[in-house]
Amino acid sequence: MESIAAGDTMLYLIGLGLGDAKDITVKGLEVIKGCSRVYLEAYTSILTVGKEALEEFYGRELLLADRDMVEQEADEILKGADVSDVAFLVVGDPFGATTHSDLVLRAVNAGIQYRVIHNASILNAVGCCGLQLYNFGETVSIVFWTDNWKPESFYDKIKRNRDMGMHTLCLLDIKVKEQSMENLMRGRKIYEPPRFMTVAQAAKQLIEIVQNRREQGEKLAISEETACVGLARVGADDQAIRAGSLQELASFDLGGPLHSMIITGHLHPLEVDMLRLFSSSDGLKGLKMTDSSTYIS
């Protein structure tokens, strides 16, 4: 984008990082203090602290922006950004979700300038488990199944990554401000309690897919013995990392949200050594060495 002259008003998209209120950058905090309105995006991710803790640290009132506001009432966020600065705060990095690209496009179409202040996101912080970031393929999302809806498309993406020897980062489902089918059909603004998928839940869904594909005679991309990594609250003081087979992950309890999971591809010996820091003594017994620099599972 073009350089912005000092004094120009604009929309700021500010990443908050992954842990708590103190993970914001110095630049981001300075901008927040000078904005006329500050919105907190409240549906693609969460921090380990609540809105009140952020307001206390930032010294500003935060306006919650839920999915409906961002996707259907974006004009309300952009209102006045042509005459005074407006901040839009996002857990992680502002471009960790495609929704925020749409907000930028709306701003540009309205003649409003914008600036992005980046921060850590799960897409790079996941390197804390020891897997090398340039060995990751396409990131996938694993959604909560229902009795009548059990999509398997994420498995096919994992298979494509595995065929290329790449690791797969799986982002696990978040249900915030969701309505039951009955309340939705009746037009009642009554929302279900928040739900956050755990590593164990994601692993169980994947195992069910593996079993279904096995019964169909399909060549499997992964098995119950595939080496995987479960991560929880990455970036927080109590972050948790466990490595083991997919079957083991299905019984792990990594505590509170947010959780992520990695399905490994080809592993370098250094990656294996790092994973052993987070596994039980026999947690990676399914690994096989194909040559002097590659393990598979």
Side-chain angles (χ1 to χ4, degrees), residues 18 45-46 48 122 125-131 136 139-147 149-159 161-162 166-175 192-216 218 220-267 271-288 295-297:
L18 295 170
S45 189
I46 59 168
T48 58
I122 189 62
V126 72
C128 64
C129 71
L131 297 181
F136 280 79
T139 299
V140 307
S141 297
I142 299 182
V143 299
F144 279 113
W145 281 352
T146 67
D147 292 339
W149 186 64
K150 295 186 176 184
E152 298 185 0
S153 57
F154 53 86
Y155 171 88
D156 298 316
K157 293 179 180 180
I158 293 170
K159 182 181 187 303
N161 285 341
R162 290 268 294 177
M166 310 298 283
H167 310 315
T168 305
L169 171 61
C170 304
L171 304 179
L172 308 188
D173 203 3
I174 298 172
K175 295 293 188 186
E192 300 295 296
R195 289 193 297 150
F196 305 96
M197 182 178 283
T198 66
V199 164
Q201 289 171 318
K204 289 173 183 175
Q205 289 189 182
L206 267 175
I207 289 172
E208 186 172 332
I209 294 173
V210 168
Q211 293 170 344
N212 291 340
R213 302 287 176 112
R214 184 181 287 126
E215 291 174 0
Q216 296 168 14
E218 183 176 314
L220 297 177
I222 60 175
S223 75
E224 293 86 347
E225 298 306 313
T226 297
C228 301
V229 186
L231 305 100
R233 302 172 303 284
V234 171
D237 292 338
D238 65 343
Q239 82 173 18
I241 305 172
R242 290 288 301 275
S245 68
L246 181 62
Q247 189 70 61
E248 285 181 297
L249 259 64
S251 62
F252 285 168
D253 180 1
L254 297 183
L258 291 172
H259 289 198
S260 303
M261 184 168 67
I262 302 168
I263 313 299
T264 64
H266 292 174
L267 290 160
E271 292 180 302
V272 174
D273 288 344
M274 285 295 294
L275 291 185
R276 285 185 172 134
L277 298 178
F278 308 111
S279 72
S280 61
S281 57
D282 61 350
L284 298 174
K285 63 183 179 181
L287 290 178
K288 302 178 182 66
Y295 287 84
I296 62 171
S297 64

* Assign the ring pair Phe154 / Trp145 to parallel, tilted or perpendicular, where the plane angle (0 to 90°) is split at 30° and 60°. =>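 Rings of Phe154 and Trp145: tilted, as their planes differ by 30° to 60°.
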* **CA sep, side-chain torsions, deciding dist, call: Leu172, Phe196, side-chain contact (heavy atoms from CB on, under 4.5 Å)** => CA-CA 8 Å; Leu172 308 188; Phe196 305 96; over 6 Å; no
Report yes if some heavy atom in the side chain of [X] is under 4.5 Å from a heavy atom in the side chain of [Y]; otherwise report no.
| X | Y | value |
| --- | --- | --- |
| Phe136 | Asn161 | no |
| Leu231 | Cys128 | yes |
| Ile158 | Cys170 | yes |
| Ile241 | Leu277 | no |
| Leu171 | Ile142 | no |
| His266 | Arg162 | no |
| Ile262 | Thr168 | no |

* Using the side-chain contact (heavy atoms from CB on, under 4.5 Å) rule, take Ile222 and Lys159 through it: C-alpha gap first, then chi angles, then the decisive distance, then the call. => CA-CA 7 Å; Ile222 60 175; Lys159 182 181 187 303; over 6 Å; no
* Exam field: side chain Ser297 to backbone Thr226, donor-acceptor pair closer than 3.5 Å ->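 Side chain of Ser297 to backbone of Thr226: no pair is present.
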* Would you check if the side chain of Glu215 reaches a backbone N or O of Asn212 as a donor-acceptor pair within less than 3.5 Å? =>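 Between the backbone of Asn212 and the side chain of Glu215 there is no qualifying donor-acceptor contact (under 3.5 Å).
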What distance separates [X] [atom1] from [Y] [atom2], expressed to the nearest 0.5 Å?
| X | Y | atom1 | atom2 | answer |
| --- | --- | --- | --- | --- |
| Cys228 | Ile263 | SG | CD1 | 3.5 Å |
| Glu225 | Lys288 | CD | NZ | 8.5 Å |
| Gln247 | Leu206 | CD | CG | 11.5 Å |

Minimum heavy-atom separation for [X] and [Y], please, with both atom names.
| X | Y | value |
| --- | --- | --- |
| Gln205 | Val143 | NE2-O, 3.0 Å |
| Gln239 | Val234 | OE1-CA, 3.5 Å |
| Gly230 | Leu254 | C-CD1, 3.6 Å |
| Ala232 | Gly256 | CB-O, 4.1 Å |
| Ser260 | Val199 | O-CG2, 3.3 Å |

* To do: Give every residue pair that meets the salt bridge (Lys or Arg N to Asp or Glu O under 4.0 Å) criterion with at least one member in residues 196-208, sequence neighbours excluded.
  =>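 For residues 196-208, and leaving out neighbouring residues, the salt bridge (Lys or Arg N to Asp or Glu O under 4.0 Å) pairs sorted by first residue read Lys150-Glu208.
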* To do: Report the C-alpha separation of Arg213 and Tyr155 in whole Å, then their side-chain angles, then the decisive distance to 0.1 Å, and conclude whether the side-chain contact (heavy atoms from CB on, under 4.5 Å) test is met.
  => CA-CA 10 Å; Arg213 302 287 176 112; Tyr155 171 88; 3.4 Å; yes
* **Ring-face cation contact, Phe252 with Arg242, 6.0 Å cut, 45° max** =>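 Satisfied, under 6.0 Å and within 45°.
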Could you pull out all residues at least two apart from [X] that satisfy side-chain contact (heavy atoms from CB on, under 4.5 Å)?
| X | result |
| --- | --- |
| Leu275 | Leu131, Val229, Ala243, Thr264, Leu267, Leu284 |
| Arg233 | Ala236, Asp238, Ala240, His259 |
| Asp282 | Ser280, Lys285 |

* **side-chain contact (heavy atoms from CB on, under 4.5 Å) between Ile174 and Met197, intermediate numbers included** => CA-CA 6 Å; Ile174 298 172; Met197 182 178 283; over 6 Å; no
* What residues, two or more places apart in sequence or in another chain, satisfy ring-ring contact (aromatic ring centres under 6.0 Å, His included) together with Phe144? ->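 ring-ring contact (aromatic ring centres under 6.0 Å, His included) list for Phe144, sorted by chain: empty.
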* Under the salt bridge (Lys or Arg N to Asp or Glu O under 4.0 Å) test, which residues partner Arg214, sequence neighbours left out? ->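 Expected list: Glu224.
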